[in-house]
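Working notes, beginning with the structure itself.
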Amino acid sequence: MVISKDLLLKKGIDMAEEAFSQRTITCGGLTKADAGKKVVLNGWVHRDRNHGALHFINLRDRYGITQVVVDDDASKELQETAAKLRMEFCIAVVGVVRLRPDSMVNPDMATGEVEVKADSIEILSKCLPLPFMIDGEAEPNEDLRLKYRFLDLRTEGMQKRMKLRHEFVKAIRQYFYKTDFYEIETPTLIKSTPEGARDFLVPSRFYPGKFFALPQSPQLYKQILMVSGMDKYFQIARCYRDEDARGDRQLEFTQLDMEMSFVTRDDILAIMEEMFNEVFIKVMDTKLPEQFRRITYHDSMNTYGNDKPDLRFNIEIHDLNKLAVESTFALFNTTVANGGFVKGLCAPNTEGVSFSRKYIDALQDAAKIYGAQGLAWIKVGANNTLSGGVSKFFVGKEELIINEFNAKDGDLILMVAHENWKKCCTSMGAVRTKLGKELDLIKKGFEFCWIIDFPLFEFNEDENHWEAAHHMFSMPQSQYLDTLESDPGAVKGDLYDLVLNGYEVASGSIRIHDVELQKKIFRICNIDDATAQEKFGFLLDAFKFGPPPHGGIAPGIDRMVMIMAEETSIKEVIAFPKNTAACSPMDDSPSFVDSIQLEELHLKAIFPEKKKD
RNA sequence: GAGGGCGUAGCGAAGCUGGUUAUCGCGUCGGCCUGUCACGCCGAAGAUCGCGGGUUCGAUCCCCGUCGCUCUCGCCA
């Protein structure tokens, strides 16, 4: 709604002398029905087309674009003002709405049936020549966009994405308010704890040498809120991790953090399914399945080659150990004999794509990044024939491999042999993902799935001890409670990730609420009781006072909106993101500070030595 | 920490098996224009081809280094 003079008068507020002609309607608000009305528009000059005695101005604000006309009967003053206008000048237009002549209607414009004949134009502020065009025709490089983010945010694309993000968060809040969750804020100056990513530290002026940390997530606080009997909590929470940025990762990002008491895994999954169903109807006008597919971590790795499968296309990875020993390929034979793995997939014959040597080499490069030594390949021909690559090792076994994949003439079979199961899976997964994109197999839409039954621990080779695969507060599945210490690698946790279109968009678990079990997990992760008490004492203490069973999840807002906006970088859905080098070109942060500030904080900067030749 | 890609007027691009007056579109400045909607027309300004070095008679182009951005691996429970 526009704040209008009428509204102020209705409330009995005396108008001060007018600072400027204040809008009575927005640039997206006019329709045929408004013809004849006197209106005031405020906005930016999107484009102007000066025909001398006739002058058109496309005036833009958040709501749309309206054509303003300065006619040939305009006063000299008005004509002169109009001639001075340049792109992105901020102006006020007083005028009268009129219908456009039939032949002048612009069907591509929401307001294309009308125009505003200007009686006067007021320049509210001028604009320098633009560093880049904001009409979205050509996209300037990202660094420049970030430096002039205030202009970049004026573009149609950014305006749309900010709106989408707003609608998304609004719908989420509406769901949680309706379902009786409390929205509770947790601190952003917290205790640094040793799990997870590198912390951002905040020095304490009162306590020399002591630091707060910025939260990597509100994890421990939300668990304590459960101990406090809050029962159902959520928060749109900012989180901070001092690690290298990526397309889908920023130093600071936003999570929908939620936690519930007296629940099991399936309760959390059901709530999330219900929430996303409601939100996607509201925001995307899209009906999701009422239940999302569930895939175990093990199956996901085996079939899709990662723990965040893109289910929008259906290439599947096959276990080829049995088939491999039928071949005469020594690498396959020995890999299987040594307890290793052979896996493969079938790339469908695709019009316009030739499976050339060069093409296969590029696929091999993708596999090698994830640890494959090579990529074996076979071309499938007509009438159950094989050719090229390692086909000579499958002489007489053609039907075996062709039937395995139900392969057709022109298909390409790609295989990896590796001693290490995970590397075998992930390198095939990289090939699968690349094929999905390059063969244009990816269907439009939203394919959610749950990944469940993750291992609770993984072994850290560098530091030679077990650590939590997710985090140390997740509950082991009950059938492993007796073998936690004797066989940590086999333990599955009550963990779940939500995956959408190949991205991990949420991660959660049922939590431990038993002090002794929690301590046991700490010990397996090489944290002794004394350290545990020092770092996590507040949580352990809380758990001595009747903690309820509880669990939760935390969907990433940025990633979700990115996918909904069909973008591949979360920077596109964050108003003021950092660049890859972890700084903000607009405000030039981080920056040096005054030495007095450092002294106050009892800090001294130590600069790394410059590299010598 | 490692690898790939990119770097040419304010912006987006072209050029290069080594020789050009370095090209085009948008924007900017000046002029013309009565129905445009990426308005049109005429004219002008604007580039040490990221930076440093090398090869060469000659480098925007080839080589080495360096800086910046970007994507990826590591890292990110």
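Every chain is numbered from 1 and lettered A, B, ... according to where its sequence line falls, protein lines coming before strand lines.
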Just how far, in rounded Å, is [atom2] of [N] from [atom1] of [X]?
{"X": "Asp48(A)", "N": "G27(B)", "atom1": "CG", "atom2": "P", "answer": "10 Å"}
{"X": "Glu458(A)", "N": "C76(B)", "atom1": "CD", "atom2": "C1'", "answer": "12 Å"}
{"X": "Asn306(A)", "N": "C73(B)", "atom1": "CG", "atom2": "P", "answer": "11 Å"}
{"X": "Asp135(A)", "N": "C39(B)", "atom1": "CG", "atom2": "C1'", "answer": "15 Å"}
{"X": "Lys147(A)", "N": "G68(B)", "atom1": "NZ", "atom2": "C1'", "answer": "14 Å"}
{"X": "Glu243(A)", "N": "G74(B)", "atom1": "CD", "atom2": "P", "answer": "13 Å"}
{"X": "Arg198(A)", "N": "C75(B)", "atom1": "CZ", "atom2": "P", "answer": "12 Å"}
{"X": "Leu59(A)", "N": "C37(B)", "atom1": "CG", "atom2": "P", "answer": "19 Å"}

Any ion pair linking [Y] and [X] (charged N to carboxylate O, less than 4.0 Å)?
{"X": "Arg145(A)", "Y": "Glu572(A)", "value": "yes"}
{"X": "Asp528(A)", "Y": "Arg523(A)", "value": "no"}
{"X": "Arg241(A)", "Y": "Glu252(A)", "value": "no"}

Does Arg86(A) reach the side chain of Cys127(A), with side-chain heavy atoms less than 4.5 Å apart?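 Side-chain contact under 4.5 Å: no.
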With a 3.5 Å cut-off and just heavy-atom distances, do the side chain of [X] and the base of [N] make a donor-acceptor pair?
{"X": "Arg249(A)", "N": "C76(B)", "result": "yes"}
{"X": "Asp244(A)", "N": "G74(B)", "result": "yes"}
{"X": "Asn106(A)", "N": "C37(B)", "result": "yes"}

How far, in whole Å, is [M] from [N] if one measures between their [atom1] atoms?
{"N": "G18(B)", "M": "C26(B)", "atom1": "P", "result": "33 Å"}
{"N": "U48(B)", "M": "A9(B)", "atom1": "C1'", "result": "12 Å"}
{"N": "G12(B)", "M": "A47(B)", "atom1": "C1'", "result": "15 Å"}
{"N": "G7(B)", "M": "C61(B)", "atom1": "P", "result": "12 Å"}
{"N": "G74(B)", "M": "C57(B)", "atom1": "C1'", "result": "49 Å"}
{"N": "U17(B)", "M": "C71(B)", "atom1": "P", "result": "31 Å"}
{"N": "C51(B)", "M": "C11(B)", "atom1": "P", "result": "14 Å"}

Using a heavy-atom cut-off of 4.0 Å across all strands, would you classify [X] as base, sugar-phosphate, or nothing?
{"X": "Tyr370(A)", "answer": "sugar-phosphate"}
{"X": "Ile65(A)", "answer": "nothing"}
{"X": "Gln216(A)", "answer": "sugar-phosphate"}
{"X": "Ser217(A)", "answer": "base"}

Using the six-membered ring of Tyr148(A), assess whether NZ or CZ of Arg154(A) lies under 6.0 Å from its centre and within 45 degrees of the ring axis.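 No.
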Check for me whether the distance between the ring centres of His513(A) and Phe543(A) falls short of 6.0 Å.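 For His513(A) and Phe543(A), the ring centres are not under 6.0 Å apart.
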Phe536(A) ring center near Phe473(A) ring center (under 6.0 Å):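 Under 6.0 Å, so yes.
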Does U20(B) fall in syn (glycosidic angle within 90° of 0) or anti?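 What U20(B) shows is a syn base, its glycosidic angle lying within 90° of 0.
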Could you tell me the Watson-Crick or G-U partner of [N], where both distances fall under 3.5 Å? Say none if there is no partner.
{"N": "C75(B)", "result": "none"}
{"N": "C57(B)", "result": "G19(B)"}
{"N": "U28(B)", "result": "A44(B)"}
{"N": "U34(B)", "result": "none"}
{"N": "G68(B)", "result": "C6(B)"}

Strictly by modelled atom types, are Arg49(A) and Gln67(A) linked by a side-chain donor-acceptor pair under 3.5 Å?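 A donor-acceptor contact under 3.5 Å links the two side chains.
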Is a donor from one side chain sitting under 3.5 angstrom from an acceptor on the other, for Asp453(A) and Gln477(A)?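 Judged by distance alone, the side chains do pair up.
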Check whether any side-chain nitrogen or oxygen of [X] sits under 4.0 Å from OP1 or OP2 of [N], and answer yes or no.
{"X": "Arg246(A)", "N": "C73(B)", "answer": "yes"}
{"X": "Thr580(A)", "N": "C69(B)", "answer": "no"}
{"X": "Lys571(A)", "N": "U70(B)", "answer": "yes"}
{"X": "Arg49(A)", "N": "G40(B)", "answer": "no"}

RNA chain B: 5'-proximal contact among Lys578(A) and Gly196(A) (nearest heavy atom):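 The residue closer to the strand's 5' end, by nearest nucleotide, is Lys578(A).
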Nearest-nucleotide comparison on RNA chain B, the residue closer to the 5′ end among Ser569(A) and Ala197(A):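 So the residue in question is Ser569(A).
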Each nucleotide in nucleotides 28-35 of chain B should get exactly one letter: B, S or -. Can you fill that in based on protein heavy atoms under 4.0 Å? SSS--BBB
Can you classify the ring geometry of Tyr221(A) versus Phe538(A) as parallel (below 30°), tilted (30 to 60°) or perpendicular (above 60°)?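 Rings of Tyr221(A) and Phe538(A): tilted, 30 to 60°.
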